[in-house]
Participant: 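Sharing a structure with you now.
Just so you know, residue 1 is the first one in the sequence shown, and it goes up from there. Note: hydrogens, waters and symmetry copies are ignored here, and every other heavy atom, side chains too, is used. Given the structure is predicted, the values throughout are model-derived calculations rather than measurements.
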Amino acid sequence: MAIDLEAEAATREENNAAVIAALNETSLSEVESSWELDVINDVERGRWIAALGAEAIAELQYRFVGGRVVLLTTWVDPAYRRNRVATELVARVLNEIRESGKKITIICPVVGRFIARNPQYLDLIDKVHPGAGAYPQRERAAGDHGEELTAFEKDMT
């Protein structure tokens, strides 16, 4: 079975854009404020899961590399995207990482955008390996994916 890399990249970009747009939501509805969102570290699968009761509604995938936590990608169930789930998930993950004393490398643009809006987390970013998703980002030329892949590979070493 062949993998359509362009379609997969487009889907990932679409997901990232939707989740980043949801980060702009700042007020909680009455329903949301009564939620008890659990954030669970699924170490076996390398992801933090946001769960509402028994239902997993979001996740942030990661890997440990060279003593750092590499934050790879964030996904939020479309039904919950405008409900501050990504904001809560990322904040709680970053707080947990801070308590562990580890630094982060950011591949996920959702995490990068979150930190850009919440500079109290800037100190968590590894200075040597900040990651391709760290802000501020430079503008890429059309078709400039080779450098992005190289940056990802470098950050994974």
Participant: Okay, side chain of Asn83, backbone of Val85: is any donor-acceptor separation there less than 3.5 Å?
Facilitator: no

Participant: Taking salt bridge (Lys or Arg N to Asp or Glu O under 4.0 Å) as the cut-off, I'd like each qualifying pair that reaches into residues 39-52, sequence neighbours left out, listed once.
Facilitator: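 Only Asp42-Arg45, Asp42-Arg47, Arg47-Glu59 qualify under salt bridge (Lys or Arg N to Asp or Glu O under 4.0 Å).
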
Participant: Apply side chain to side chain contact (heavy atoms under 4.5 Å, CB included) to Tyr80 and Leu37, showing your working.
Facilitator: CA-CA 12 Å; Tyr80 296 95; Leu37 191 66; over 6 Å; no

Participant: Do we see a donor-acceptor contact under 3.5 Å between the side chains of Glu96 and Trp48?
Facilitator: yes

Participant: Return each pair, listed once, that meets salt bridge (Lys or Arg N to Asp or Glu O under 4.0 Å) where at least one residue sits in residues 98-111; pairs must be two or more places apart or across chains.
Facilitator: Arg98-Asp123

Participant: What distance separates Glu55 CD from Ile49 CD1, expressed to the nearest 0.5 Å?
Facilitator: 12.5 Å

Participant: Taking the side chain as everything from C-beta on, heavy atoms only, tell me whether Cys108 gets closer than 4.5 Å to Thr74.
Facilitator: yes

Participant: Any side-chain heavy atom of Asp126 within less than 4.5 Å of one from Ile104?
Facilitator: no

Participant: Do Ile107 and Thr73 come close enough that some side-chain heavy atom pair is under 4.5 Å?
Facilitator: no

Participant: Between CG of Asn95 and OG of Ser100, what distance do you get to the nearest 0.5 Å?
Facilitator: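 The OG atom of Ser100 is 11.0 Å from CG of Asn95, to the nearest 0.5 Å.
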
Participant: Only one of Ile97, Leu94, Leu124 passes side-chain contact (heavy atoms from CB on, under 4.5 Å) with Val69; say which it is.
Facilitator: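 Option passing the side-chain contact (heavy atoms from CB on, under 4.5 Å) with Val69: Ile97.
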
Participant: Which value, rounded to the nearest 0.5 Å, describes the distance between Leu89 atom CG and Leu60 atom CG?
Facilitator: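 Interatomic distance, Leu89 CG to Leu60 CG, rounded to 0.5 Å: 5.5 Å.
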
Participant: Are Ile106 and Ile125 packed together at the side-chain level, in the sense that at least one heavy-atom pair is separated by less than 4.5 angstrom?
Facilitator: yes

Participant: Do any N or O atoms from the side chain of Thr105 and from the backbone of His129 form a donor-acceptor pair under 3.5 angstrom?
Facilitator: yes

Participant: Does Leu72 share a hydrophobic cluster with Ile40, counting links as ILVMFWY side-chain heavy atoms below 4.5 Å and allowing steps through other members?
Facilitator: no

Participant: Distance from Thr87 atom OG1 to Arg92 atom CZ, nearest 0.5 Å?
Facilitator: 12.5 Å

Participant: Applying side chain to side chain contact (heavy atoms under 4.5 Å, CB included), can you list everything that pairs with Asn118, at least two apart in sequence or on another chain?
Facilitator: Phe114, Gln120, Tyr121

Participant: What's the spacing between Glu36 CD and Leu52 CG if we round to 0.5 Å?
Facilitator: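 One finds 9.5 Å between CD of Glu36 and CG of Leu52.
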
